[in-house]
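For reference, positions follow the sequence shown, starting with 1.
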Amino acid sequence: MATSYRDYTSPNTQFTYDMRNNLFFKKDDRNFIDALGIAQLNTLGNSSLLDIFLTTGNVVEPHIHQNAAELVYCIAGEAIVSLINPFTNQLLNYHIKPRQVANIPQGWWHYEMALTDDTHLLAIFDAPVPEVIFGSDILRLTPASVWAHTYCLDEAKVRETLAPITKTVVIGPPLGCQQQGQLPDRAASSHYPYYGYSSQLPDSYGYYDANYVQQGGYGQHPVYQQPTGYPQYGTNPYDTRYPPQSIYPSY
């Protein structure tokens, strides 16, 4: 969407924004996502951002963006970016470190897992309002009887397995999850083959302000020193500002 129509002399024209004022989702003080779209910065064209903070083992759950491609840039830490190539039916896993990227074409199934604490990713979209369909919504909103009938499964077991998924997860595993097993060993296992880079880059480039995550004191308003920190979301992780079909509020 071009911005040539905009009156750049208007006092309402926006050229800068602090993403700490627009929380998209928060799991806890170290796992959360801030968002920037055209609703926050009205001079944006075909672009938008998610600022993603994760600790080891946390995953931006499997999902697709039906109207946008996504470029994931690693600022700090390490992550596996996984995607399914629909043309080859291959699951591809890319291990990225600081200053490395992974690209997900529009509409491809993908997810990101942090391999270290204080992982910081920037997701860049080629749409001012990228839409999203989360895997947790597909699982919980499709009736168990449909899963069972379609794939010849035990309906009671399907219902029991999926019962804990009562809302959009966004960052998993959910708080309080008593999960068994260990995490993949930094993409070295057969489940996470290394498709990364040959250059040896340092783990951190000093771009990341650790206090940013630790403080957690940024509300939804221009005054940053909010003692209550981020608002807590209810059953709808988008709150009333985020419709389920879109990452950002409509405008």
Quiz prompt | Gap between atom CG of L162 and atom CG of L139 - 0.5 Å precision | solution = 5.5 Å
Quiz prompt | Donor-acceptor pair, side chain of T43 and main chain of F15, under 3.5 angstrom | solution = no
Quiz prompt | Euclidean distance, N93 CG relative to Y111 OH, rounded to 0.5 Å | solution = 5.5 Å
Quiz item: Looking only at atom types and distance, does a side-chain atom of K27 sit under 3.5 Å from a main-chain N or O of P173, one as donor and one as acceptor?
Solution: yes
Exercise. Could you tell me whether the side chain of S48 reaches within less than 4.5 Å of the side chain of I38, counting heavy atoms only?
Key: no
Quiz prompt | Test item: T119 side-chain N/O and T116 main-chain N/O as donor-acceptor pair under 3.5 Å | solution = yes
Self-check item: Separation between CD of Q100 and OH of Y73, rounded to the nearest 0.5 Å
Solution: 9.5 Å
Quiz item: Under the ring pair (Phe, Tyr, Trp, His ring centres under 6.0 Å) criterion, do H65 and F125 qualify, and how do the steps go?
Solution: CA-CA 9 Å; H65 302 290; F125 301 93; 4.8 Å; yes
Practice problem: Please check if the side chain of S82 supplies one atom and the backbone of H110 the other of a donor-acceptor pair under 3.5 Å. | Solution: no
Practice problem: Look at the side chain of N31 and the backbone N and O of T55, then say whether any donor-acceptor pair between them is shorter than 3.5 Å. | Solution: yes
Exercise. Write down the atom of P86, the atom of N89, and the distance for their closest heavy-atom approach.
Key: O-OD1, 4.0 Å
Quiz item: Taking N22 for the side chain and Y17 for the main chain, is one N or O donor matched with an acceptor at less than 3.5 Å?
Solution: no
Quiz item: Among the clusters formed by ILVMFWY side chains lying less than 4.5 Å apart, do L54 and L175 turn up in the same one?
Solution: no
Practice problem: Treat each ILVMFWY residue as a node, draw an edge where side-chain heavy atoms are under 4.5 Å apart, and state whether Y151 and I84 are in one component. | Solution: yes
Self-check item: Derivation of the side-chain contact (heavy atoms from CB on, under 4.5 Å) call for V81 and I104
Solution: CA-CA 9 Å; V81 179; I104 302 102; 3.9 Å; yes
Practice problem: Compute whether any side-chain donor of one residue and acceptor of the other, for D137 and H63, lie under 3.5 angstrom apart. | Solution: no
Quiz item: Cut-off 3.5 Å, side chains only: do E61 and S136 have a donor facing an acceptor?
Solution: yes
Practice problem: Output, in order, the C-alpha distance, side-chain angles, deciding distance and verdict of salt bridge (Lys or Arg N to Asp or Glu O under 4.0 Å) for D118 and R30. | Solution: CA-CA 7 Å; D118 297 327; R30 301 182 69 194; 3.1 Å; yes
Practice problem: Given side-chain contact (heavy atoms from CB on, under 4.5 Å), test I33 with F53 step by step and report yes or no. | Solution: CA-CA 6 Å; I33 304 173; F53 298 86; over 6 Å; no
Quiz item: Shared ILVMFWY cluster between V146 and L153, side chains joined below 4.5 angstrom?
Solution: no
Self-check item: CG on L36 to CE on M19, rounded to 0.5 Å
Solution: 5.0 Å
Quiz item: Taking all non-hydrogen atoms of both residues, which atom of F25 and which atom of V169 are closest, and how far apart?
Solution: CZ-O, 3.3 Å
Practice problem: Without swapping roles, check the side chain of T13 against the backbone of D7 for a donor-acceptor pair under 3.5 Å. | Solution: yes
Quiz item: Do N21 and D18 have a side chain donor and acceptor closer than 3.5 Å?
Solution: no
Quiz item: Rounded to the nearest 0.5 Å, what separation is found between the OG1 atom of T166 and the CZ atom of R140?
Solution: 7.5 Å
Quiz prompt | Sub-4.5 Å side-chain heavy-atom contact between L71 and L122 | solution = no
Exercise. Starting at CZ of R159, measure out to OG of S145 and round the result to the nearest 0.5 Å.
Key: 6.5 Å
Self-check item: hydrophobic_cluster_shared for L92 and F87, side chain cutoff 4.5 Å
Solution: yes
Quiz item: Minimum heavy-atom separation for Y94 to A102, with atom names?
Solution: CB-CB, 4.4 Å
Exercise. Given side-chain contact (heavy atoms from CB on, under 4.5 Å), test T161 with V158 step by step and report yes or no.
Key: CA-CA 5 Å; T161 299; V158 172; 5.8 Å; no
Quiz item: Is it true that atom CD of Q14 has more than 12 heavy atoms of other residues, nucleotides or ligands lying nearer than 6.0 Å?
Solution: yes
Practice problem: Would you mind reporting whether F32 and L23 have side-chain heavy atoms less than 4.5 Å apart? | Solution: yes
Quiz item: M113 versus N58: any side-chain heavy-atom pair under 4.5 Å?
Solution: no
Quiz item: Just wondering, do Q66 and I133 contact through their side chains at under 4.5 Å, heavy atoms?
Solution: yes
Exercise. Check whether any side-chain heavy atom of V59 lies under 4.5 Å from a side-chain heavy atom of I171, and answer yes or no.
Key: no
Quiz prompt | Worked check of side-chain contact (heavy atoms from CB on, under 4.5 Å) between Q106 and I64 | solution = CA-CA 8 Å; Q106 178 178 333; I64 64 171; over 6 Å; no
Quiz item: Counting distance only, does the side-chain N/O of D126 pair as donor-acceptor with the main-chain N or O of A68 below 3.5 Å?
Solution: no
Quiz prompt | Side-chain heavy atoms of I75 within contact of P98, under 4.5 Å | solution = no
Practice problem: Applying side-chain contact (heavy atoms from CB on, under 4.5 Å) between E112 and each of V60, I96, L83, report the one that passes. | Solution: V60
Quiz prompt | 4.5 Å side-chain heavy-atom contact, E70 and W108 | solution = no
Self-check item: Backbone N/O of V170 and side chain of T168: donor-acceptor pair under 3.5 Å
Solution: no
